[in-house]
Amino acid sequence: MDPTVAQLAAAVRAALGRLGLPDGDPALERPKDPDHGEWATTIALRVARAAGRPPREVAADLAAALGDLPEVAAVEVAGPGFVNFRLSAAARAALVRRVLAEGEAYGRSALGAGRHVNVEFVSANPTGPLHLGSGRWAATGDAIAALLDATGHRVTREYYVNDVGEQVRRFGASLVRADRGEPPAEDDYRGPHVAALAADLRAAHGGALLTGDVDAIADAVGAAGVDAMRSRIEATLAGLGVVFDVWTREGSLHASGGLERALTRLRDGGHTEERDGALFLRTSAFGDDKDRVLVRSDGRPTYFASDCAYLADKLGRADRCIYLLGADHHGYVARLRAAAACLGEDPDRVEIVIGQLVNLLRDGQPVKLSKRSGDIVTIDEVLEEVGPDVLRYHFLRQNLDTTMDLDLAVVTARSMENPVYYVQYAHARVASLARQAVERGFDPGDPADADLELLDHPAELALLRALSGLPHVVADAAEARATQRLTRYAEDLAGTFHRFYAECRVLVDDPDADEAARAALLACSRARYWLVTAARQVLANALGILRVGAPDRM
RNA sequence: GCGCCCGUAGCUCAGUCGGACAGAGCAGGGGACUUCUAAUCCUCAGGUCGCAGGUUCGAUUCCUGCCGGGCGCACCA
């Protein structure tokens with residue numbers, strides 16, 4: 001927590017106590033309008049009713065009772081009963097020094113107290129290359145993980161691989177038929193990647209793998225295919241800048257006995273029931289719409305049984321399990337949480353984040369994807385055109401609750417329609433400034449010696465104000481699992497910087513001026529130099545958490 | 001039919017725990033580079049926050065209903 005905010009909150013509560021007013025959370029907020037100061041509280045509005053007095057009067061008393069506060073230049077009552085705080089020049093100077101001193105750590109916090117969070121995302125079946133729509137989950141899951149890491153959590157990024165079962169068998173059969181040049185069957189996987197992978201398998205394994213009756217070898221071929229495709233997916237994700245810590249294969253849960261152990265645990269917990277020869281889990285007892293089948297009447301376990309085993313496994317490894325799922329899986333929310341309860345675990349340790357789906361457009365027209373032909377738009381092909389920063393940033397900008405209309409023509413345009421360039425340019429501009437400083441032999445001195453209280457131009461004040469926001473934004477974004485709050489902040493900060501840059505010259509000198517005037521110019525240059533250096537750090541930190549590059553040149 | 005999500009400027013979208021005049025980018029009109037990167041800045045125009053009620057000192061935000069759109073409701077995987 002920002003030391004200033006903590007101090008203000010404590011001072012407000014103390015003042016409430018002195019006035020005999022009801023205690024309450026000051027809930028310090030940042031006014032949208034800079035004229036209202038750096039911080040504000042609405043506590044007077046909220047306790048006015050209980051106090052039986054007009055809010056403005058309460059606010060005035062509160063402001064008076066606060067007295068002099070460190071780092072605060074003025075306390076003002078405004079509007080219906082807001083109490084606004086205006087920070088002192090010394091506080092602003094301290095902010096710059098703090099950013100410079102903390103460096104990469106500025107914006108990070110220990111709010112998570114080292115709790116271990118497992119974030120599972122993407123987990124697409126490795127029966128084909130990653131579709132562009134999966135990019136949303138890849139970018140978002142990775143950034144949420146980074147946000148949690150930045151707020152003091154221990155984070156595991158995990159991908160669950162479906163490598164057994166009917167889908168894999170079907171995939172194997174598709175590969176065999178493709179290898180033999182036979183037409184695909186009704187439920188076969190199709191598309192160029194199937195034939196290409198079949199050829200790869202033949203090249204890698206020779207004929208042995210692909211010889212024999214289709215039904216007899218489908219499982220083995222499917223497993224080999226999944227293995228190969230999983231590697232390709234891993235490479236695609238790496239291209240997007242996403243690296244998973246753990247890949248858990250469903251088959252390993254079967255082989256390790258984890259599945260059996262989970263079933264036993266569920267039976268022993270008394271939450272299962274034989275019905276029509278099948279084994280049901282009574283998830284409806286914990287909020288699910290209906291009970292779910294664990295073992296079919298023919299004895300084969302369902303995917304849900306694996307899901308339970310996997311959940312039990314993860315809960316044994318982490319304090320909290322986050323699943324990032326597409327809206328087409330929102331039906332899983334109730335059953336997964338119920339499964340946790342049936343396992344005897346606290347369902348609140350299971351958090352499911354649902355993201356709405358992605359509609360692909362090109363020049364405003366929907367891109368028709370033909371499932372029959374296996375015609376899809378892959379992450380790889382888009383990455384070839386624009387690189388990871390643009391694509392990641394595009395996905396991270398938008399609220400997960402809204403369906404994303406992703407226009408390929410816009411995404412692939414190397415134009416200013418991609419706000420990531422706007423943010424990166426701000427960073428590159430400071431880097432360029434630093435190069436200029438060196439070229440001109442400018443000596444910035446030490447930030448401890450710079451007179452940072454000189455910073456009082458409106459554009460400078462706006463930039464300082466923006467810089468102070470990062471820790472709060474990171475904490476909020478992490479808490480809300482809302483990456484767009486950080487992208488929005490980065491854009492606001494970049495805009496504030498660009499306006500500053502247009503209005504205030506950093507490297508100033510006038511060889512014709514007298515000594516005193518030149519000394520004043522140097523002091524101004526130094527203060528501004530450290531201000532923009534701090535801005536560069538904050539931009540880099542924000543982009544770093546988003547895992548988007550912060551280039552020194554563009 | 002039931003459940004989840006969405007509806008904010010021409011377009012794509014922000015809007016934090018209910019708070020101060022509802023914001024940004026793009027598109028459109030008009031301006032600014034012999035000086036640290038013009039991938040920038042300034043300015044104008046653009047809104048019944050889907051509709052109707054309710055709660056509140058205060059509602060884009062919370063509640064109810066309706067309209068419109070997306071997704072889901074398997075002994076499928």
Side-chain angles (χ1 to χ4, degrees), chain A residues 25 27 29-33 35-36 40 42 45-46 48-49 54-55 78-82 84 125 127 162 165-170 187 275-280 289-290 292-298 300 302-304 326-334 354-357 359 361 364 394 397-407 410 414-419 421-422 424-426 428-437 439-440 442 472-473 475-477 479-480 482 484-485 487-489 491-492 494-495 497-508 525 528-529 532 553-554:
Chain A
D25 182 1
E29 56 187 57
R30 305 174 66 74
K32 276 177 274 185
D33 186 339
D35 286 345
H36 297 137
T42 58
L45 289 162
R46 285 178 284 123
R49 172 174 286 270
F82 295 98
N84 296 333
N125 284 357
T127 50
N162 264 174
E166 189 55 33
Q167 294 274 33
V168 175
R169 181 177 181 75
R170 205 183 286 172
D187 291 332
R275 204 183 298 164
D276 306 327
L279 184 69
F280 280 74
D289 296 339
K290 61 188 81 167
R292 306 288 166 179
V293 176
L294 288 169
V295 182
R296 300 180 183 88
S297 47
D298 64 7
R300 290 150 55 225
T302 61
Y303 273 74
F304 180 61
D328 52 342
H329 288 85
H330 75 244
Y332 284 47
V333 176
I354 297 295
Q356 298 301 310
L357 304 179
N359 293 325
L361 311 172
H394 209 86
R397 265 193 110 208
Q398 192 164 332
N399 189 329
L400 278 178
D401 283 341
T402 59
T403 303
M404 175 177 282
D405 285 332
L406 190 132
D407 195 318
V410 172
R414 278 196 162 277
S415 75
M416 289 150 291
E417 287 181 61
N418 283 309
Y421 295 132
Y422 184 79
Q424 291 183 319
Y425 182 50
R429 268 185 147 175
V430 184
S432 169
L433 212 41
R435 288 192 297 270
Q436 274 293 321
E439 261 181 45
R440 297 178 182 204
F442 170 74
H472 315 285
V473 171
D476 282 349
E479 170 79 23
Q484 81 280 1
R485 292 196 192 164
T487 57
R488 177 67 49 164
Y489 169 79
E491 286 166 45
D492 287 345
F497 171 79
H498 286 310
R499 281 186 288 279
F500 160 83
Y501 189 88
E503 283 201 54
C504 299
R505 231 190 130 67
V506 175
L507 303 173
V508 286
S525 275
R528 286 180 172 170
Y529 178 88
V532 299
R553 295 173 201 273
M554 292 185 72

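Numbered from 1 within each chain, the chains take letters A, B, ... in sequence-line order.
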Could you go through nucleotides 67-71 of chain B and list every protein N or O atom that sits under 3.5 Å from one of its N or O atoms, giving the distance for each pair?
residue : atom : partner  : partner atom : Å
B:C71   : O2'  : A:Ala327 : O            : 2.9
B:C71   : O2'  : A:Asp328 : N            : 3.4

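- Nearest nucleotide to the A:Asp405 side chain, out of B:U37, B:C13, B:C36: B:C13.
- B:A38 atom C1' lies 17 Å from atom OH of A:Tyr421, rounded to whole Å.
- Of the inter-residue distances, the one linking A:Thr127 atom OG1 with A:Arg170 atom CZ reads 10.0 Å to the nearest 0.5 angstrom.
- Using the Watson-Crick or G-U wobble rule with both distances under 3.5 Å, B:C73 pairs with B:G1.
- Between the base of B:C36 and the side chain of A:Ser432 there is no donor-acceptor pair shorter than 3.5 Å.
- Atom name P, nucleotides B:G54 and B:A59: the rounded distance is 12 Å, in whole Å.
- To the nearest 0.5 angstrom, A:Leu406 atom CG is 9.5 Å from A:Asn359 atom CG.
- Stacking of A:Arg429 on the aromatic ring of A:Phe497 is not recorded, the 6.0 Å distance cut-off and the 45° axial limit not both being met.
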Test log, rule ring pair (Phe, Tyr, Trp, His ring centres under 6.0 Å), inputs A:His329 and A:Tyr332: CA-CA 6 Å; A:His329 288 85; A:Tyr332 284 47; 5.1 Å; yes
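- Look at the P atom in both B:U61 and B:C51: the space between them is 11 Å, to the nearest Å.
- No engagement by A:Arg170 is indicated, since no non-hydrogen atom pair under 4.0 Å with the nucleic acid exists.
- Distance noted for atom P between B:A20 and B:G58: 15 Å (whole Å).
- For the C1' atoms, the distance from B:A52 to B:U48 is 13 Å, rounded to whole Å.
- Inspection of the A:Gln398 and A:Thr402 side chains reveals an N or O donor paired with an N or O acceptor under 3.5 Å.
- Within the 3.5 Å criterion, the main-chain N or O of A:Gln356 finds no donor-acceptor partner in the side chain of A:Thr403.
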Nucleic acid footprint by protein, nucleotides 14-23 of chain B - heavy-atom cut-off 4.0 Å, B for base, S for sugar-phosphate alone: SSBB-BBB-B
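- Taking the centre and axis of the six-membered ring of A:Phe280, the NZ or CZ atom of A:Arg275 falls inside the cone set by 45° and 6.0 Å.
- In this structure B:A39 sits in no base pair that meets the Watson-Crick or G-U test at under 3.5 Å.
- Rounded to a whole angstrom, the distance from the P atom of B:C62 to that of B:G70 is 23 Å.
- Considering every non-hydrogen atom in both A:Arg528 and A:Arg505, the closest pair reads NH1-O, 2.8 Å.
- With B:U40, B:U37, B:C6 as the choices, the nucleotide that has an atom nearest any side-chain atom of A:Tyr501 turns out to be B:U37.
- Of all nucleotides listed (B:A74, B:C76, B:C41), B:C76 comes nearest to the side chain of A:Tyr332.
- Between the side chain of A:Asp298 and the backbone N or O of A:Arg300 there is at least one donor-acceptor pair closer than 3.5 Å.
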Pull out every protein N or O sitting under 3.5 Å from an N or O of nucleotides 49-51 of chain B, one pair per line with the distance.
none

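- The partner of B:C33 is absent, by the rule that a Watson-Crick or G-U pair needs both atom distances under 3.5 Å.
- Remark: side-chain polar atoms of A:His498 are paired, donor with acceptor, to backbone N or O of A:Tyr422 under 3.5 angstrom.
- Between the A:Asn399 side chain and the A:Asp401 main chain, a donor and an acceptor come within less than 3.5 Å of each other.
- Looking at which nucleotide of RNA chain B each of A:Arg553 and A:Asn162 is closest to, the 5′-most match is held by A:Arg553.
- The gap from the C1' atom of B:U55 to that of B:C63 amounts to 7 Å, rounded to the nearest Å.
- In this structure, NZ of A:Lys290 is placed 10 Å from C1' of B:C2, rounded to the nearest angstrom.
- If you take atom P in B:G46 and the same atom in B:G10, they sit 11 Å apart, rounded to whole Å.
- Pairing partner, B:G10: B:C26, with both Watson-Crick or wobble hydrogen-bond distances short of 3.5 Å.
- Between the side chain of A:Thr302 and the backbone N or O of A:Val295, no donor-acceptor pair lies under 3.5 Å.
- For B:A38, one of the phosphate oxygens OP1 or OP2 lies less than 4.0 angstrom from a side-chain nitrogen or oxygen of A:Arg429.
- Taking CZ of A:Arg397 as the start and CD of A:Glu491 as the end, the distance is 4.0 Å to the nearest 0.5 Å.
- Of the residues near RNA chain B, A:Phe500 and A:Arg300, the one whose nearest nucleotide (by heavy atom distance) lies more toward the 5' end is A:Phe500.
- In this structure, A:Ala480 reaches neither bases nor backbone, as no heavy-atom distance under 4.0 Å exists between it and the strands shown.
- Across all strands shown, B:A52 pairs with B:U64; the Watson-Crick or G-U wobble distances both stay below 3.5 Å.
- Comparing B:G23 with B:C42, their P atoms are spaced 16 Å from each other, to the whole Å.
- If you check B:G19 for Watson-Crick or wobble pairing at under 3.5 angstrom, you find it paired to B:C57.
- Closest to the A:Ala278 side chain, of the nucleotides B:C36, B:C75, B:A74, is B:C75.
- At most 12 heavy atoms of other shown residues, nucleotides or ligands fall within 6.0 angstrom of atom CD in A:Glu479.
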